[in-house]
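Below, chains carry the letters A, B, ... as their sequence lines are ordered, and counting in each starts from 1.
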Protein chains: 2
Amino acid sequence: MTNATDFILLNTLLNTKLQKGVEGQLSLHGISFTEFMIMHQLMQAPNHTLRRIELADQISITASGVTRVLAPMEKIKLVEKQANPRDARVSLVKLTEAGERIYTEALVSFEHSAESLMSNVSAGQLDEMLKLSGKLL
Amino acid sequence: MTNATDFILLNTLLNTKLQKGVEGQLSLHGISFTEFMIMHQLMQAPNHTLRRIELADQISITASGVTRVLAPMEKIKLVEKQANPRDARVSLVKLTEAGERIYTEALVSFEHSAESLMSNVSAGQLDEMLKLSGKLL
DNA sequence: GAATTATAATTGACTACTCAAGCATTAGTC
DNA sequence: GACTAATGCTTGAGTAGTCAATTATAATTC
């Protein structure tokens, strides 16, 4: 049993724990973890707008996954579809004002639970993990 | 944006990458990541046997998830069901000889891909990640 | 500039789970 | 030792995705 193997198995369990912990808080805002990740990416994009494929790449799901996650978000107007005048194939996704508000509120809850879930490591150790995870990505 | 939040989001992407990387190799042996985790736990258990609930806890899925994953594994005889004479409610799961063989073969592939996926960090850094992940679990 | 190839997005069919309800069986209580 | 509560497991219904095929548009090549 190598350490690399051990790490992958351990990290799988850790990831499940972290995700469940955060999801509990996000559900109070009516959004899922995946929806939060989508809004998080849109929030950082210029004009709060991205192509569906870029979104897919950034959160590591398929294009069809993006279509399926966005459908209900459009219905409740968290995001809106926009055409790209230069290329009729692409449909741009934009975070609405309402979406921006919900995201900002949800982010507070996310950060609180994140801090609490990570409270067993020091600030320095957290920096180290961030750095090393970045190298692996 | 706190580092704790950043870490959780980053780790989610990392986990997806690691899991997909390993799954590609495991599929050559005809097993999924979850099936591998189950066999891995059984392999380490006394007499290669565990209760379904213990299995569920150890790999962080629900009891019903365990039932659903094990069904096809029983059909192809990777594991077998055993009654517990002391308590008729529990049904024990045991790794068969065939299961043991498949696991051992699959483990080699798992370790190779794990090493390769983790090759961007040093042995010391890997130890550090293992230690810190352990603290968070 | 017509024909071929590539890209963006969606859809139908499937998979791998979860959750809530149910059925046995065992444990705890009086 | 009968009654209630708790535990172990399974099942039906639902959810969040994947993959392969399809449609529409754009880019490339000849």
Side-chain angles (χ1 to χ4, degrees), chain A residues 12-13 15-17 19-24 26-27 30-39 42 45 49-76 78-94, chain B residues 12-13 15-17 19-24 26-27 30-39 42 45 49-76 78-94:
Chain A
T12 296
L13 298 180
N15 198 248
T16 302
K17 176 181 170 174
Q19 213 146 307
K20 279 184 184 158
V22 167
E23 256 163 11
L26 289 181
S27 71
I31 62 179
S32 70
F33 190 85
T34 302
E35 287 169 334
F36 179 84
M37 283 204 297
I38 283 183
M39 297 169 95
L42 288 173
T49 303
L50 282 174
R51 300 164 62 185
R52 282 158 135 74
I53 286 228
E54 288 172 316
L55 216 32
D57 286 348
Q58 289 174 6
I59 68 173
S60 276
I61 66 174
T62 61
S64 88
V66 167
T67 297
R68 303 208 127 101
V69 177
L70 289 181
M73 295 179 77
E74 282 165 19
K75 205 167 298 170
I76 62 173
L78 294 178
V79 299
E80 63 192 17
K81 208 179 276 206
Q82 295 194 322
N84 180 342
R86 305 286 184 88
D87 187 338
R89 288 171 302 182
V90 334
S91 103
L92 298 165
V93 190
K94 174 168 186 174
Chain B
T12 296
L13 298 180
N15 198 247
T16 302
K17 176 181 171 174
Q19 213 145 307
K20 279 185 183 155
V22 167
E23 255 162 11
L26 289 181
S27 71
I31 63 179
S32 70
F33 190 84
T34 303
E35 286 169 334
F36 179 84
M37 284 205 294
I38 283 183
M39 297 170 95
L42 288 174
T49 302
L50 282 173
R51 300 163 61 184
R52 282 157 133 76
I53 286 228
E54 289 172 315
L55 216 33
D57 287 348
Q58 290 175 5
I59 68 173
S60 275
I61 66 173
T62 61
S64 88
V66 167
T67 297
R68 305 207 127 104
V69 178
L70 288 182
M73 295 179 78
E74 282 165 18
K75 205 166 298 170
I76 61 173
L78 293 177
V79 299
E80 63 193 17
K81 209 180 274 205
Q82 296 195 322
N84 180 342
R86 305 286 184 90
D87 186 340
R89 287 171 304 184
V90 335
S91 103
L92 299 166
V93 189
K94 174 167 186 173

Open item on the list: If I take atom OG from residue B:S64 and atom CZ from residue B:R52, how far apart are they, to the nearest 0.5 angstrom?
Closed with: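 CZ of B:R52 is found 11.5 Å from OG of B:S64.
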Task: Spatial distance of atom CD1 (B:I59) from atom CG (A:L13) [nearest 0.5 Å] - done: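 Between B:I59 CD1 and A:L13 CG, I get 8.5 Å after rounding to 0.5 Å.
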Open item on the list: Whether the side chain of B:Q19 engages the backbone of B:T16 through a donor-acceptor N/O pair (distance < 3.5 Å, no angle test) should be reported.
Closed with: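 No.
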- [ ] Please check if the side chain of B:E54 supplies one atom and the backbone of B:R51 the other of a donor-acceptor pair under 3.5 Å.
- [x]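 Confirmed, B:E54 side chain pairs with B:R51 backbone.
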- [ ] Please determine if a side-chain N or O atom of B:T67 lies less than 4.0 Å away from the OP1 or OP2 oxygen of D:dT11.
- [x]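 Looking at the OP1 and OP2 atoms of D:dT11, neither is under 4.0 Å from any side-chain N or O of B:T67.
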Open item on the list: Less than 4.0 angstrom between a side-chain N/O of B:R51 and OP1 or OP2 of D:dG8, yes or no?
Closed with: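 Affirmative; the distance criterion is met.
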Atom pairs under 3.5 Å: protein N/O with N/O of nucleotides 24-26 of chain D:
unit_1 : atom_1 : unit_2 : atom_2 : d
D:dA26 : OP1    : A:A88  : N      : 2.8
D:dA26 : O4'    : A:R89  : NE     : 3.4

Open item on the list: With nearest nucleotide decided by heavy atoms, which residue, A:V90 or A:K20, maps closer to the 5′ end of DNA chain C?
Closed with: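 The answer here is A:V90.
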TODO: Could you check which residues of residues 52-65 of chain A get a heavy atom under 4.0 Å from DNA chain C? Sort them by number, please.
DONE: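 Those residues whose heavy atoms fall under 4.0 Å from DNA chain C, taken from residues 52-65 of chain A in numerical order, are A:R52, A:I53, A:A63, A:S64.
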Open item on the list: For a quick check of understanding: with a heavy-atom distance under 4.0 Å over all strands, which category does A:V69 fall into, base, sugar-phosphate or nothing?
Closed with: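 It contacts sugar-phosphate atoms only.
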Open item on the list: By the 4.0 Å heavy-atom rule, please label A:S32 as base, sugar-phosphate, or nothing.
Closed with: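 Counting heavy atoms under 4.0 Å across all strands, no contact is made by A:S32.
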Task: Minimum-distance pair of heavy atoms, taken over all atoms of A:S32 and A:E35 - done: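 In this case the closest contact between A:S32 and A:E35 is N-OE1, 2.8 Å.
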Open item on the list: Using a distance-only criterion (donor-acceptor N/O pair, under 3.5 Å, no hydrogens), is the base of C:dT18 paired with the side chain of B:R68?
Closed with: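 For B:R68, whose side chain was compared with the base of C:dT18, there is a donor-acceptor pair (under 3.5 Å).
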Task: Qualifying residues under side chain to side chain contact (heavy atoms under 4.5 Å, CB included), relative to B:D57, sequence neighbours excluded - done: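 So B:D57 forms a side chain to side chain contact (heavy atoms under 4.5 Å, CB included) with B:I53.
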